[in-house]
Amino acid sequence: MRLMKAATDLQEQTIEELSREFDHLLSQYVNRKKQAVYEQKRPFTFIDGVYNGTMDDAFRILTGLQLVHTIILKPRRHLTKQDRELFERNREQVNACGYSFPFELDDFENRHLQNA
């Protein structure tokens, strides 16, 4: 039998800090109409009934969000097909572990255009 350890406070605090950073990026680069649609999906929240609060889930959410964040901050001209695939795979992982991240890489395109 495998023993499940609870997520640490530090893991969940770090997830919250990254969420605030994503929220900041969205507020600057996603139009208000799209923001309203996303707000209905309750982004940046743990999904009741899906998130188990385990250390493993928190670790997978944290690493997924960190990689997604790194890809979003990459200048558009340097984005590769592999970056897009990594973004999608990690976005799916984060959601599967019980954290709401309903965004696509293209939702952050305006940010990239300003760096191009």
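Computed from a predicted structure; not experimentally measured.
Going from atom CD of Gln11 over to atom CG of Asp57 covers 10.0 Å, rounded to the nearest 0.5 Å. The CG atom of Asp48 sits 7.0 Å away from the CZ atom of Arg42 when rounded to the nearest 0.5 Å. A distance of 12.5 Å separates CG in Leu18 from CG in Asp23, rounded to the nearest 0.5 Å. Taking CD1 of Ile61 as the start and CG of Asn95 as the end, the distance is 9.0 Å to the nearest 0.5 Å. Once rounded to the nearest 0.5 Å, the distance linking CD of Glu12 with CE of Met55 reads 10.5 Å. Leu67 contributes atom CG, which lies 5.5 Å from atom CG of Leu86 (distance to the nearest 0.5 angstrom).
Checked by atom type and distance alone, the side chain of Gln93 pairs as donor or acceptor with a backbone atom of Arg60 at under 3.5 Å.
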Yes or no on side chain to side chain contact (heavy atoms under 4.5 Å, CB included) for Val94 and Val68, after CA distance, side-chain angles and deciding distance?
-> CA-CA 10 Å; Val94 165; Val68 162; 5.6 Å; no
Step-by-step side chain to side chain contact (heavy atoms under 4.5 Å, CB included) determination, Gln82 to Ile71 = CA-CA 10 Å; Gln82 182 181 14; Ile71 292 169; over 6 Å; no
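Grouping Ile, Leu, Val, Met, Phe, Trp and Tyr by side-chain contacts under 4.5 Å, direct or through others, puts Val50 with Ile47.
Applying the salt bridge (charged side-chain N to carboxylate O under 4.0 Å, His left out) test to Arg91 and every residue at least two apart in sequence or in another chain returns Glu88, Glu104.
The shortest heavy-atom contact between Gly64 and Asn90 is CA-OD1, 3.5 Å.
Side-chain contact between Leu25 and Leu73 is present, with heavy atoms from C-beta onward closer than 4.5 Å. No side-chain heavy atom of Asp83 sits under 4.5 Å from any side-chain heavy atom of Leu105. Between Gln13 and Leu10, the closest side-chain pair of non-hydrogen atoms falls below 4.5 Å. Residues Arg20 and His24 form no side-chain contact, since every pair of their non-hydrogen atoms from C-beta on lies 4.5 Å or further apart.
Counting only residues at least two apart or on different chains, the ring-ring contact (aromatic ring centres under 6.0 Å, His included) pairs with a member in residues 41-72 are Phe22-His69, Phe44-Phe103, Phe46-Tyr51, Phe46-Tyr99.
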